[in-house]
Amino acid sequence: MPHTTLVWFRQDLRLADHPALTHAVDRSDAVVPVFIWAPEEAGGWPPGGAHRWWLHRSLQALDRSLRDKGSRLMLRHGPSLETLRTLIEETGAGAVCWHTGYEPALRERDARIRDALREDGTEVRTFEGRLLHDVDGVRTGSGGPYQVYTPFWRKLGGLDLPVEAPLPVPRMGETKAPAAWPDSLPVEAFGLTPVAQDGVDWAGGFDGTPGEAAAHERLQAFIDHSLIDYPDRRNRPDVDGSSRLSPHLHHGELSPRQVWHAVQDWIRNRPMKDAAEVFLKEIVWREFAYHLLHHFPHTPAEPLKDTFAAFPWEDDADGLDRWQRGQTGYPIVDAGMRQLWQTGWMHNRVRMIVASFLTKDLLIPWQRGAEWFWDTLVDGDLASNTMGWQWAAGCGADAQPFFRIFNPVSQGERYDPDGAYVRRWVPELADLPTNYIHQPWTAPHDVLRRAGVELGTTYPRPIVDHGQARDRALAAYETVRQRSKGEA
DNA sequence: AACACCTTGAT
DNA sequence: TCAAGGTGT
């Protein structure tokens, strides 16, 4: 039994259901929790701005929880291997443990660190703390990875997927503290909170409460009040029926095992399997995203379907800028992009609409959209972001067929029928009557005047005509479609 | 090898 | 009603 064990926290900023921490507490006299800030090791995907804002607060929350237990979180600035070695020397630790990561660059880094530490004579133990399934253990009949969701879901067992019970918070107590705590940086030293520019604080309106306690409150509130209506309300950005667990899951304040068991408990108490199944399928979509990232590690940058490597995308800098700023002239698109910028989060239905608009209406490469989301989402997750964008662009696993091009007007009318979502995020349109809220350019002059809207001045005219843009996208698709046929 | 199937749509 | 074509068994 090693005298002291380092627990290397990464995307698992919680105390409950933390196999690495539990192992360390069970198996050593002293436990030293550590978080290392080393963004340059992320292989071109360092945490984005909004993500860092969340991380800052989540680290504070974790440190508070640890202090309540007589422990504390050691904060250090990378590189990771050298930092761990320094901490081992300072604390006399004989072992290090952590949870497996799945981002390609971090996976390689972790393997290198594991080998180096073992050569030093340090015991290294890694645990599964992020997923419900074993990414190497789930294979198709022919031994390959899945590329279609439904067979993947069935293979896991659907609702009958066996999920181990989550672990309780380990009993730490003062007895597990080291004789002396090493030095730790203040979290402010990482510079994670965006600096206000021109008197405007970007993060001032960010949404959600980081930390393990808030994550559990959110989960319980969702199960108690929203789960039963989830199938109907999850697509409505105006009524907010989604779980909003994504940032908590991404940062590991909550584990998918905890979510799974909480929902299964809810099912047991009432015969409402269907609503729960729709939600748990979303949790398994997250598993699928990790399955894909693990087996196709090139996909954050390159399309999964290689015929799309030759797709005639257009690098339209002005179009990208207007999309990012929510100035496309399509209200549902602009509402989504402004919600994202102001709160660090966007409703999933709207994520699909804005992604379709960028890739189909503007023909801008999906990678530009993925990069923007990466920088602006508090839940930015390499696996989910990559899968989502490739799905929307039509070049990914189980993608929507390319010719399914979202119509931003009909999508707005269907999922924001009263225009409440648009009015909230595009306030310059707030006084427009509902029948014009999703297509202000069709409103008569006097209606616009009464609503205080002057197209081209207070709100932009559409930057593309959707009908023409749709034809252009289909023609562009035709070029790679012919190519793939010719090669076959 | 044949066959069923495939998250979220548009006209 | 239409829109391809691949995936997985």
Side-chain angles (χ1 to χ4, degrees), chain A residues 138-159 230-239 241-243 246 274-289 291-292 295-296 303-308 311 330 332-333 336 346-357 359-361 384 387-417 438-439 465-488:
Chain A
V138 175
R139 300 286 177 138
T140 66
S142 52
Y146 282 91
Q147 297 186 56
V148 176
Y149 178 73
T150 303
F152 176 80
W153 161 258
R154 293 200 186 111
K155 178 73 173 188
L156 288 192
L159 282 184
Y230 185 73
D232 297 327
R233 293 164 62 105
R234 70 194 185 116
N235 274 314
R236 291 285 299 272
D238 55 336
V239 297
S242 70
S243 76
S246 55
D274 293 355
E277 177 166 345
V278 174
F279 175 68
L280 289 180
K281 272 188 166 170
E282 297 295 327
I283 297 298
V284 172
W285 268 95
R286 176 176 175 276
E287 301 287 315
F288 188 47
H291 178 87
L292 292 168
H295 292 288
F296 305 101
L304 180 69
K305 293 182 183 171
D306 53 17
T307 55
F308 272 83
F311 190 89
Y330 284 95
I332 191 75
V333 173
M346 193 196 302
H347 189 281
N348 187 54
R349 164 58 52 180
V350 191
R351 293 189 197 198
M352 292 189 285
I353 298 170
V354 303
S356 178
F357 190 81
T359 57
K360 311 286 171 73
D361 287 63
S384 297
M387 181 185 70
W389 274 97
Q390 293 223 28
W391 181 88
C395 60
D398 208 5
Q400 62 162 336
F402 189 90
F403 54 79
R404 268 191 205 163
I405 298 169
F406 283 48
N407 182 320
V409 175
S410 48
Q411 285 279 317
E413 289 171 345
R414 190 178 313 157
Y415 296 112
D416 181 27
H438 291 293
Q439 40 184 336
D465 175 88
H466 175 68
Q468 290 173 10
R470 181 172 188 279
D471 291 343
R472 186 175 68 141
L474 291 172
Y477 178 57
E478 204 61 27
T479 66
V480 297
R481 199 162 75 80
Q482 298 294 348
R483 197 178 308 266
S484 68
K485 271 186 180 169
E487 282 170 1

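Throughout, protein chains are lettered first and strands after them, A, B, ... in sequence-line order, and every chain is numbered starting at 1.
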[X] has an atom [atom1]; how far is it from atom [atom2] of [N], in whole Å?
| X | N | atom1 | atom2 | value |
| --- | --- | --- | --- | --- |
| A/Tyr477 | C/dG6 | OH | C1' | 10 Å |
| A/Tyr415 | B/dG9 | OH | C1' | 8 Å |
| A/Arg414 | B/dG9 | CZ | C1' | 7 Å |
| A/Asp416 | B/dT8 | CG | P | 22 Å |
| A/Phe402 | B/dA10 | CZ | P | 14 Å |
| A/Phe308 | C/dA4 | CZ | P | 13 Å |
| A/Ile405 | C/dA4 | CD1 | P | 12 Å |
| A/Asn235 | B/dT8 | CG | P | 11 Å |

Pairwise distance [atom1]([X]) to [atom2]([Y]) - rounded to 0.5 angstrom:
| X | Y | atom1 | atom2 | result |
| --- | --- | --- | --- | --- |
| A/Asn407 | A/Ile353 | CG | CD1 | 10.0 Å |
| A/Asp465 | A/Arg470 | CG | CZ | 12.0 Å |
| A/Gln411 | A/Asn235 | CD | CG | 8.5 Å |
| A/Leu292 | A/Trp391 | CG | CH2 | 14.0 Å |
| A/Trp285 | A/His291 | CH2 | NE2 | 12.0 Å |

Tabulate atom names and distances for all N/O pairs under 3.5 angstrom spanning the protein and nucleotides 3-5 of chain B.
none

> Is the number of heavy atoms from other residues, nucleotides or ligands under 6.0 Å of A/Asp471 CG greater than 12?
Replying inline: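 Yes, enclosed.
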> For the side chain of A/Arg470, counting heavy atoms from C-beta on, which of C/dA4, B/dT8, B/dA10 is nearest?
Replying inline: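 My answer, after comparing the listed nucleotides, is B/dA10.
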> C/dG6 and B/dG9: how far apart are their P atoms, nearest whole angstrom?
Replying inline: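 To the nearest whole Å, 23 Å.
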>> Using OP1 and OP2 only, check whether a side-chain N or O of A/Asn407 sits under 4.0 Å from B/dT11.
In response: yes
>> Between A/Gln411 and B/dA10, is there a contact of a side-chain N or O with OP1 or OP2 at under 4.0 Å?
In response: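 Yes, because at least one side-chain N or O of A/Gln411 sits under 4.0 Å from OP1 or OP2 of B/dA10.
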>> Show me the dot-bracket string of DNA chain B, counting Watson-Crick or G-U pairs under 3.5 Å, with | for pairs to another strand and [ ] for crossing ones.
In response: .|||||..||.
> Who are the side-chain contact (heavy atoms from CB on, under 4.5 Å) partners of A/Ser242, not counting sequence neighbours?
Replying inline: A/Asp240, A/Arg244, A/Trp345, A/His347
>> My understanding is that only residues two or more places apart in sequence, or in another chain, count here; which of them pass side-chain contact (heavy atoms from CB on, under 4.5 Å) with A/Val239?
In response: A/Arg233, A/Arg236
For nucleotides 7-9 of chain C, list the nitrogen or oxygen atoms of the protein found under 3.5 Å from its nitrogen or oxygen atoms, one pair per line.
from  : atom 1 : to       : atom 2 : distance (Å)
C/dG8 : OP1    : A/Gln147 : N      : 2.5
C/dG8 : OP1    : A/Val148 : N      : 3.2
C/dT9 : OP1    : A/Tyr146 : OH     : 2.8
C/dT9 : OP2    : A/Gly141 : N      : 2.9

> Can you find a heavy atom in the side chain of A/Thr359 that is under 4.5 Å from one in the side chain of A/Trp389?
Replying inline: yes
>> Under 6.0 Å between ring centres: does that hold for A/Phe402 and A/Phe311?
In response: yes
Distance-minimising heavy-atom pair for [X] and [Y]:
| X | Y | result |
| --- | --- | --- |
| A/Gly336 | A/Val350 | CA-CG1, 3.5 Å |
| A/Leu304 | A/Ala397 | CD2-N, 3.4 Å |
| A/Tyr230 | A/Ser243 | CE1-N, 4.4 Å |

Show the distances under 3.5 angstrom between N or O atoms of the protein and N or O atoms of nucleotides 1-3 of chain C.
none

>> side chain to side chain contact (heavy atoms under 4.5 Å, CB included) for A/Val284 and A/Phe152? Distances and angles first, verdict last.
In response: CA-CA 9 Å; A/Val284 172; A/Phe152 176 80; 3.9 Å; yes
